[in-house]
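Contents: one structure, followed by commentary.
Quick caveat, the model's predicted, so the values are computed rather than measured. Numbers restart at 1 for each chain; the letters A, B, ... are given by sequence-line order, proteins then strands.
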Protein chains: 2
Amino acid sequence: MARTRGSKAEITGPLIREAALRLFARHGYAAVSMRQIAREVGVQAGALYAYTPDKQALLFDLMETHMQRLLASWQDDTASPPLVRLERFVRFHIADSLDHSDSVFLSYMELRNLSEVNHRKISKLRRDYESKLESILRDGQQDEVIGVDDIRLSAMALIGMLTAVTNWYRAGGRLDQQRVGDIYWGLAKGAVGA
Amino acid sequence: MARTRGSKAEITGPLIREAALRLFARHGYAAVSMRQIAREVGVQAGALYAYTPDKQALLFDLMETHMQRLLASWQDDTASPPLVRLERFVRFHIADSLDHSDSVFLSYMELRNLSEVNHRKISKLRRDYESKLESILRDGQQDEVIGVDDIRLSAMALIGMLTAVTNWYRAGGRLDQQRVGDIYWGLAKGAVGA
DNA sequence: GTCTATATAGCGATAGAC
DNA sequence: GTCTATCGCTATATAGAC
């Protein structure tokens, strides 16, 4: 911090994104000023505009990067039995949410501060992710190892349940991540009638 | 709207609260100005300060009112079997969340914009509500009609699952509220091993 | 690439008239 | 109870020097 003058292009970009993510998640997009982000990085506010055309683009970039990383990280194995795939999804989603809780929070909370066109793009990526779980439930339904009344709604319910882990989980608390995964898998398995 | 001059004390107070709730939920506390709220109500910005000492108090009041109304609305019947109580809770929580979705969203989202002392008060009310569900799960566990690995975590998971209904439910959509309640009760019942 | 300086606008909150 | 007017401050974004 407190740096002034001098060109550090190779690191300033990532630093801006890290600072913006942390501050937006903590205080909200609208509550954070470009000056605050700049101060955190150690540059003057004007310098940020060499990296982003405006504040809105910075928010969108953070959310899009998060969603694309999430989608790329999930590797389904459609050859495995549906219940094996479902257990992997449950543990993957919990671990990924906890490892990127700022991004998860931001991508859910600040949708409303996106321009209409940006909102549509992020919503599409979210639906793509949701459909990954839906396809597992559908295959399980077909194999009769899963029994739910409504695929779409059950997928939304499960993702809601799993994502909410970020609301209360604290590293170093009563339960470690493995144990949390165990308990949630027990809940999810029962929920889908397996 | 567009009203100017004239004293309407008996209605202005509620109108301010309604407008603030709607705008805060839609755009975020920090993104909404007192001038915007005033415009929506049809008064000048200065007039708001006859009803609230400042913007922060207005936010806190909305959240506290919501939590207290929620707590007062839930009437448990501890004489009933735990599974009956759990079904009632599931349907109550869904219906209440959908009927007050702006308040639900606000009370979850804007915790971070509360002062420390206000944050503690709201958090306590939330924990009070969560413990209502925990007591049902505990009684069910004792009667051996419910089997979960961890009462606290399962309560958080269930509330997360139920509350997320506000993310996708649209009145007049594919499913009505009764049907949604049926499906969620099926999921919740299975999740707790009943 | 980053700085300083600034244009232009809006903010929360208050004072005093009616 | 509401208005008008205003204080003091901060916001996003841009221009031009280095």
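If you take CE of A/Met34 and P of C/dA7, they are 21 Å apart, rounded to a whole angstrom. Across the protein-nucleic acid pair, A/Leu15 atom CG and C/dT2 atom C1' stand 15 Å apart, rounded to whole Å. Atom P of nucleotide C/dG12 and atom CG of B/Asn113 are separated by 13 Å, given to the nearest angstrom. One can place CZ of A/Arg39 at 18 Å from P of C/dT2, the figure rounded to the nearest angstrom. Across the protein-nucleic acid pair, A/Ile37 atom CD1 and D/dA13 atom C1' stand 13 Å apart, rounded to whole Å. Here C/dG1 presents its P atom at 11 Å from CD1 of A/Ile16, a figure rounded to the nearest Å. Rounding to whole angstrom units, CG of residue A/Asp54 and P of C/dA9 are separated by 18 Å.
Taking the side chain of B/Lys55 as heavy atoms from C-beta on, and the options C/dC3, C/dA13, D/dA13, the nearest nucleotide is C/dA13.
Side-chain N/O atoms of B/Gln44 include one lying less than 4.0 angstrom from OP1 or OP2 on D/dT4. At C/dT2, none of the side-chain N or O atoms of A/Tyr49 fall inside 4.0 Å of OP1 or OP2 (strictly under the cut-off). Listed pair A/Tyr51 / C/dG1 fails the phosphate criterion, with no side-chain N or O lying under 4.0 Å from OP1 or OP2. The shortest distance between the side-chain N/O atoms of A/Ser33 and the OP1/OP2 oxygens of D/dA11 is below 4.0 Å. Considering only side-chain N and O atoms, B/Thr12 lies nowhere under 4.0 angstrom from the phosphate OP1 or OP2 of D/dG1.
Heavy-atom nearest nucleotides on DNA chain D were determined for B/Ala50 and for A/Gly46, and the one closer to the 5' end corresponds to B/Ala50. Nearest-nucleotide positions on DNA chain D place A/Ala31 closer to the 5' end than the other of A/Ala31 and A/Pro53.
By the 4.0 Å N-to-carboxylate-O rule, A/Lys121 lies too far from A/Glu64 to be salt-bridged with it. Between A/Asp139 and A/Arg85 a salt bridge is recorded (basic side-chain N to carboxylate O distance below 4.0 Å). Using a 4.0 Å cut-off between charged side-chain N and carboxylate O, A/Asp128 and A/Lys124 make a salt bridge.
In this model, no side-chain donor or acceptor of B/Arg35 finds a partner on the base of C/dG10 within 3.5 Å.
Around the CZ atom of A/Arg26, the shell of radius 6.0 Å holds no more than 12 heavy atoms that belong to other residues, nucleotides or ligands.
B/Trp74 has its ring centre no less than 6.0 Å from the ring centre of B/Tyr129.
In this structure, NE2 on B/His100 lies 9.5 Å from CG on B/Leu21, to the nearest 0.5 angstrom.
A cation-pi arrangement is present between A/Lys55 and A/Tyr29 under the rule of less than 6.0 angstrom and at most 45 degrees off the ring axis.
In the helix from C/dG1-D/dC18 to C/dC18-D/dG1, the end axes, each obtained as the rotation axis mapping the C1' atoms of four pairs onto the next four within a five-pair block, lie 0° apart to the nearest 10 degrees.
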